[in-house]
Every structure is written in C-alpha cells, then in structure tokens.
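Only heavy atoms go into these numbers, but all of them, side chains included; no hydrogens, no water, no symmetry mates.
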Amino acid sequence: MVSRADFNSPESPTWCIGCGNYGILNAVKMAFAELDIAPHEILICTGIGCGSKLPHYMKVNGFHGLHGRPLAVATGARLANHGFRVMTVHGDGDGYGMGLSHFAHAARRNIGLVDLVQNNRVYGLTKGQYSPTSTPGMHTPTSPEGAIDLPVPPLALAITMGATFVARVYPGELRHFVSVLVQALQHDGYALVDVLQPCVTFNRASAYDFYSARVYKVEETDHDVTDRAAAWGKALEWGERIPIGLIYRVQGQPTYEEQVPALQEGPLAERPLTKLSADQVAALRAEVM
Ligand code: SF4
C-alpha cells in the first residue's frame, strides 16, 4: 500500500512561507497515495516557474524542461509508454502564455494526462510581472500603469477546445482539492485541473483572504457537469463568487492513444524489437545517441 510519505524527497522546497505550492505538493502526494499509485509508475513534467520545481520535491520520475513546453514532453512520453501515469505541473505563465497552443491542442486531442496549472495570476519566479491571467489594471514592473490585456479564461478555453475533464481547485480546501485530483487521475483522457494558487509575495490582492471569501463548491449546487453550455457559464463565473470543483466532464470519448494503431498492442516501451535484427538495432542506437 502506497503512502504519502513514499513520495518524500530529500530536497526541501525553496518556496516562500505561505505559498500555495505547499498545498499543491501535499495534494498531489495525497491523490497518488489514495489511488495506490507507486512513485515509479508516475512521470511529472514541468516547465519554468516557482511551482515547476515540484518534481525535485517528490520521489517520482520527473522532467523539468523548457518554459511552456511540458505538455509537448508529456505527450511524447505518454505515447512512448501509455502505461505511465503522466502529469504536467506548471504555472499560468507557462501553461496559458508560452504554452497556450500546447494547452489547446492537448485538450482537443484528448491525450491521457492530468494538466495541473498553478494559476497564481502573476510571474512569481521572475519577481512579479503581470501574467496571462492577471487582473486588468494590476500594477506590476511590466504594467506600471495597470495591465491592459483581458485575462485568458482557461476553463472556458479548455471546454471550447474539446477537453473532456475541466476542474478548478483551491489549496485552502485541501480535502476537496484531493478528491477532484483523484477524479482527474481516474479520467480517461485530457484532464485540466486549474489551481487558484495564492502567491503571497507578488500577488497579495489575490491570496488566501480573496479566495477564501469567494470560493464555493459546485458539487453543492445543482450544476450538471455533462451540460456543456452550463459548464461554459460556470467556467466564466468570476467575481464575488468563484466556483471550484468539477465543472465539465465527458465520459467514454476515446483517448488519442487509444486511436493510434501502433499503440494497440501495448506500450511501445515494453515491446521487444522483434522485427529488427541486432545490427539494425545497433545502427539505430548509434544514429540517435
Ligand atoms: Fe510562491 Fe509567489 Fe513565492 Fe513563487 S514568489 S514561491 S509563487 S509565494
């Protein structure tokens, strides 16, 4: 039986005290433990940002890569070995800025992975520039007179692009966060989990006080997660009340990897290279190594 402690790493997080990333790290460990998924069965791909350091703080397979590109790496890894549990963990700048096109295409492909976005609505690692989800009017070093751009609406965009699982969570509601993440990990296909992540250093206007006063759980309403139009409405609800929980889900839609003929006989990584001679394998290795 896997426990949360099985994911502990010898490295200690360097995040600011009070950062929402601590809750995210806990929730990820708790969800994998609840599903009894062992560290060696998991791959977490990250980009660049405070939260993208997460694989250093967990004992799992990790790939800490380029800014905005973890979904590309995760897609490749999933196709090479769809026996792996693949998760991307990255911030709003990484996921909804530099990686916006990867986000849109992963959603429409229905590739089987969990895309967890630490949405703190600011660039934290580079000291507080406004991000793709920042509030209009927000004053930062790169928007001294107030941000002008409209924020990216990630949940509505995911639904529009064909995502089959769209959810939002908040680290201040940890048990609820874990229960939604467990559902995302059990989902067949692309699952977006947008996290309202407090950045207590560079976005104090949108930290714990702001969210705790506003979030409510959609599961406690009569919201129908299969109703696309209703989900779109919930996805765009933002203000005095902010919905968290599972917003939209489509079940039974084939995943990308289920439709690739070459993957029908099982994960590529586990198949013997029976159709190639030893010389051909050696030549291939020499070419790519
Ligand atoms: Fe967390 Fe913000 Fe500090 Fe980065 S800068 S570690 S996001 S609180």
Side-chain angles (χ1 to χ4, degrees), residues 2-78 80-81 84-99 102-103 106 113-129 131 169-171 174 177-178 181-182 184-185 191-203 269:
V2 175
S3 76
R4 180 166 48 164
D6 291 328
F7 296 102
N8 289 348
S9 136
E11 306 298 326
S12 298
T14 55
W15 298 317
C16 309
I17 294 169
C19 176
N21 279 324
Y22 290 99
I24 294 172
L25 178 61
N26 267 334
V28 172
K29 290 180 181 178
M30 289 163 75
F32 280 126
E34 197 162 316
L35 291 170
D36 203 24
I37 302 171
H40 72 273
E41 299 173 293
I42 300 163
L43 171 67
I44 296 185
C45 299
T46 61
I48 298 297
C50 296
S52 283
K53 298 184 218 163
L54 183 137
H56 299 268
Y57 311 138
M58 269 186 80
K59 197 177 82 178
V60 290
N61 299 293
F63 187 100
H64 190 175
L66 296 176
H67 211 347
R69 307 295 170 230
L71 275 169
V73 176
T75 298
R78 178 77 183 164
N81 187 355
F84 248 157
R85 296 301 192 118
V86 179
M87 180 184 276
T88 51
V89 177
H90 49 160
D92 46 297
D94 198 277
Y96 304 147
M98 274 70 79
H102 294 293
F103 165 45
L113 54 84
V114 174
D115 186 14
L116 187 150
V117 182
Q118 300 142 315
N119 187 359
N120 57 16
R121 301 165 60 214
V122 74
Y123 282 98
L125 187 70
T126 48
K127 301 200 182 305
Q129 298 84 358
S131 84
V169 293
Y170 169 52
L174 191 62
F177 185 162
V178 174
L181 193 51
V182 164
L185 286 163
L192 173 68
V193 179
D194 180 78
V195 188
L196 299 173
Q197 182 229 320
C199 171
V200 295
T201 302
F202 293 112
N203 196 358

- Query: Do Tyr22 side-chain atoms and Trp15 backbone N/O form a donor-acceptor pair below 3.5 Å?
  - Reply: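 A pair under 3.5 Å: yes.
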- Arg85 side-chain N/O to Leu185 backbone N/O, donor-acceptor pair under 3.5 Å: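 Indeed, once roles are kept as given, a pair shorter than 3.5 Å links the two residues.
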Taking C-beta and beyond as the side chain, do [X] and [Y] meet within less than 4.5 Å on heavy atoms?
X      : Y      : answer
Asn61  : Ile44  : no
Pro198 : Asn120 : no
Ile24  : Phe177 : yes
Val114 : Val193 : yes
Leu35  : Val182 : yes

Atom [atom1] of [X] and atom [atom2] of [Y]: how far apart are they, to the nearest 0.5 Å?
X      : Y      : atom1 : atom2 : result
Phe32  : Arg4   : CZ    : CZ    : 14.5 Å
Leu71  : Asp94  : CG    : CG    : 8.5 Å
Met87  : Ile37  : CE    : CD1   : 8.5 Å
Asn203 : Ser131 : CG    : OG    : 8.0 Å
Asn119 : His90  : CG    : NE2   : 10.5 Å
Cys16  : Phe202 : SG    : CZ    : 7.0 Å

- Item | From CA spacing to verdict: side-chain contact (heavy atoms from CB on, under 4.5 Å), Phe7, Leu25 | CA-CA 10 Å; Phe7 296 102; Leu25 178 61; over 6 Å; no
Grab the two heavy atoms, one from [X] and one from [Y], that are nearest each other, plus how far apart they are.
X      : Y      : answer
Pro70  : Thr88  : O-CG2, 3.6 Å
Gly20  : Pro171 : O-CG, 3.9 Å
Gly62  : Pro55  : CA-CB, 4.1 Å
Ala77  : Leu43  : CB-CD2, 3.3 Å
Gln129 : Val122 : O-CG2, 3.3 Å
Ala27  : Leu174 : CB-CD1, 3.9 Å

- Checking side-chain contact (heavy atoms from CB on, under 4.5 Å) for the pair Leu181/Leu116: CA distance, chi angles, key distance, verdict? CA-CA 9 Å; Leu181 193 51; Leu116 187 150; 4.2 Å; yes
- Query: Between the side chains of Tyr96 and Asp194, does any donor sit under 3.5 Å from an acceptor?
  - Reply: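 Checked: Tyr96/Asp194 side chains pair up, N/O donor to acceptor below 3.5 Å.
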- Can you list every side-chain hydrogen bond (donor to acceptor under 3.5 Å, both in side chains) pair that touches residues 69-78, not counting sequence neighbours?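 Every side-chain hydrogen bond (donor to acceptor under 3.5 Å, both in side chains) pair that includes a residue of residues 69-78, provided the two are not neighbours, is Arg69-His102, Arg78-Glu257.
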- Task: Carefully, step by step, assess Tyr170 and Val195 under the rule side-chain contact (heavy atoms from CB on, under 4.5 Å).
- Result: CA-CA 6 Å; Tyr170 169 52; Val195 188; over 6 Å; no
- Query: Quick one: salt bridge (charged side-chain N to carboxylate O under 4.0 Å, His left out) pairs with a partner in residues 36-60, sequence neighbours left out?
  - Reply: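 Passing the test, one end in residues 36-60: no pairs.
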- Item | Contacts of Ser3 that satisfy side-chain contact (heavy atoms from CB on, under 4.5 Å) - sequence neighbours left out |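 With sequence neighbours excluded, Ser3 shows a side-chain contact (heavy atoms from CB on, under 4.5 Å) to Ala5, Asp6, given in chain and number order.
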- side chain to side chain donor-acceptor pair (under 3.5 Å) between Gln118 and Asp92: does it pass, once the steps are laid out? CA-CA 6 Å; Gln118 300 142 315; Asp92 46 297; over 6 Å; no
- Task: Could you walk me through whether Ser9 and His56 pass the side-chain contact (heavy atoms from CB on, under 4.5 Å) test, one step at a time?
- Result: CA-CA 7 Å; Ser9 136; His56 299 268; 5.8 Å; no
- What orientation do Tyr123 and His67 show, parallel under 30°, tilted 30 to 60°, or perpendicular over 60°?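 Plane angle over 60°, so perpendicular.
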